[in-house]
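For reference, the structure is listed below as structure tokens.
In what follows, chains carry the letters A, B, and so on, assigned in the order in which the sequence lines appear, proteins first and then strands, with residues in each chain numbered from 1.
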Protein chains: 2
Amino acid sequence: MTIKDVAEYSGVSISTISRVLNNHPDVREEVRAKVLAAIKELHYVPNSSARDLVKTQSDAIGIVVRGVENPFLTSVISSIEKAISNAGYTMVIHQIGTEDDEVSAGAGLVRSKRLCGLILLGGRFDYTPGQTATIEVPFVCCTYTNSFGSLDKKSYSSVFIDDYAEAYKAVKLLIENGHRKIAILLGATDDHSISELRYKGYCDALSDAGIEFDESLIERTQGYSMKKAYDSTKRLYARRDDFTALFAISDSMGIAAIKALHNLGVRVPDDCSVIAIDGIEVSKYTIPALTTLIQPRKLIGHEAVRILVDVIKGKKNCQLRVETELRIGETVAPPK
Amino acid sequence: MTIKDVAEYSGVSISTISRVLNNHPDVREEVRAKVLAAIKELHYVPNSSARDLVKTQSDAIGIVVRGVENPFLTSVISSIEKAISNAGYTMVIHQIGTEDDEVSAGAGLVRSKRLCGLILLGGRFDYTPGQTATIEVPFVCCTYTNSFGSLDKKSYSSVFIDDYAEAYKAVKLLIENGHRKIAILLGATDDHSISELRYKGYCDALSDAGIEFDESLIERTQGYSMKKAYDSTKRLYARRDDFTALFAISDSMGIAAIKALHNLGVRVPDDCSVIAIDGIEVSKYTIPALTTLIQPRKLIGHEAVRILVDVIKGKKNCQLRVETELRIGETVAPPK
DNA sequence: TAGAAAACTGAAAACGTTTTCAGTTTTCTA
DNA sequence: TAGAAAACTGAAAACGTTTTCAGTTTTCTA
């Protein structure tokens, strides 16, 4: 079932079919109707390989993501997919390993699949001009971090939250509640961007409040999983049982920490307050409900696609910083 | 940067380049090495549009899914993506609306993108032979339900759990703990497959235990969201405050129900036991931890891809039923 | 060492579109 | 109503691969 069959069936040339398909104005209304009828009749669907070949570009947007485990990222992907569908594009997901370079992966994907755009999702991003791998299409860096190698900001688009500032905000809230012994639960240290930036926000919030830095209140897990966060919290508590508040860098970790504290006989928030960043749905329904800074996941995905499509259509690159919003739960209270 | 450039650069014809690319044996080792070096040197990546065009098929597997909201499905998608990558294919996700027909959508996608296979994910599936839309490639129906229209089972592949039997199992566990007044929290009734089948399992478990059916213990939410489940639980409790156990058809709904009960002053499991089906990660860390039947999400995604790839390679269709596994949490206890 | 077989290589056709260019038909203007 | 302009249409080239077929080179056998 090719354009040729449709042409034969409707008695015009394939050029005309193509013109109808592409909404070219140079087709008589009568002919257009006849062709559309034939297309419907025959259940004809254009072969996008052929189309992409001659157009030297497809209508596919690629997503490069390092690991789809993360419930936060999955939810961003979900909103990206929705936005891409709505905009009439298709989505190709490419998952890379921890060790892979997302720029090379993305560049290869673009060339192979003739993508018209790329979204790089949630990683540490290092793109240096003059690098051997070059992304030849518009792309949006949609990720936790606003750092972007040594590349000029104007030459790419991004959607991000300011990890430093948001962490600062969270810790400040604890301080304002009267806490001074504030522990922090960090993720893997090999992923510089997020843990490092949020850690810095934590440190500065403390020092701005005149609170002395205390190494033993820093707990680094070896990843972001709930299991690791649970174990880390227990390890932290074994070392120090006197902190009155805990800042977890993600909701999942926060939830796991609360469970660990609960099992240790520590009541939240009476004995220890907990705050996190993410705002995933389930944290509204934990007992107690988690106090957290909501990352606007829907907005992030949606805006990433909007910006990308704009750039594809010729608009300028754009850097969009989105802000979190505090969701007051039941896990923060003044210390006793 | 095309195959032609590589041919020129390495001093052989494009046919030879193609043969190297496709691991055709008829190439001298020396030439092969030279060509591979050239490919690397030039960062050449084959144009898959052209390749797909002549092969009349791509290496892409399509996923048709109705709504990516569901955390359970997202996690299946994640494992599907991993398996697809590992098998050397690419993944194209297509999301459809509530009203869309997944067979037509899939069939169109296949023809347009020249997919080599299709996975239909988590819906009510109705595929009748002789239907106008026909899926022309191997496909796997990877979904909650094992019902599949009037199509002969042998003519398609599937990975499923037996919703009826699993619900029966869950309710039976409550009965074995001594419960007789067991409420059920169902999802939207417009989605026949899952709610209906699990509801049937609930009914039969009760009647097999000689427990009389009680309409007022049935609560139907208008969807599967946590918010709706929370409200529904409150509505249920307003109607009947004497049930000693609750069966929620998903973990998310179960977690929301526990929160609602907690806010109503009902202690779980002391005053009311709760059991659910899904086994998402977070239910291990709620307080109390949810007792649930774990759906092997990783296995489901992984097996769906394995089966699909097998069928693509010429093997027979295969129906795989997977079983849930009980995860004993802290939400089931005998009634007082 | 001659001849046959095996190994290797290249030219050309084909996949199904879009688009350019030239040609034909229709509509409009004076 | 003749001529010009506008509207419409089709033939053919092109996109970048794979694959067939024929041809050339190398290796083997007697």
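- Taking a pair to require two hydrogen-bonding distances under 3.5 Å in either a Watson-Crick or a G-U wobble arrangement, D:dT29 pairs with C:dA2.
- Comparing B:Pro25 and A:Val54 by the nucleotide of DNA chain C whose heavy atom lies nearest to each, the residue mapping closer to the 5' end is B:Pro25.
- Nearest-nucleotide positions on DNA chain C place B:Arg28 closer to the 5' end than the other of A:Ser18 and B:Arg28.
- Here D:dC8 sits opposite C:dG23 as a Watson-Crick or G-U wobble pair (both hydrogen-bonding atom distances under 3.5 Å).
- B:Asp59 and A:Lys113 are joined by a salt bridge, as a carboxylate oxygen and a charged side-chain nitrogen come within less than 4.0 angstrom of each other.
- Counting any heavy atom pair closer than 4.0 Å across all strands shown, B:Asp26 reaches a base atom.
- A 4.5 Å side-chain heavy-atom check between B:Asp5 and B:Thr2 finds at least one atom pair inside the cut-off.
- The residue A:Ser15 sits close to a base: some heavy atom pair falls under 4.0 Å.
- C:dA14: Watson-Crick or G-U partner is D:dT17, with both key distances under 3.5 Å.
- Across all strands, B:Asn22 comes closer than 4.0 Å only to sugar-phosphate atoms, never to a base (heavy-atom distances).
- Looking at heavy-atom distances under 4.0 Å, B:Thr16 makes contact with sugar-phosphate atoms alone, never a base.
- A 4.5 Å side-chain heavy-atom check between A:Ile300 and A:Ser79 finds every atom pair outside the cut-off.
- With hydrogens and angles ignored, the 3.5 Å screen pairs no side-chain donor or acceptor of B:Ser158 with any backbone N or O of B:Phe160.
- For the pair B:Leu308 and B:Pro138, the minimum side-chain heavy-atom distance is below 4.5 Å.
- Using a 4.5 Å heavy-atom cutoff, the side chains of A:Ile3 and A:Tyr44 are in contact.
- Protein chain B contacts DNA chain C from C:dC8 to C:dG16, reading 5' to 3' and using non-hydrogen atoms of the protein with a distance under 4.0 Å.
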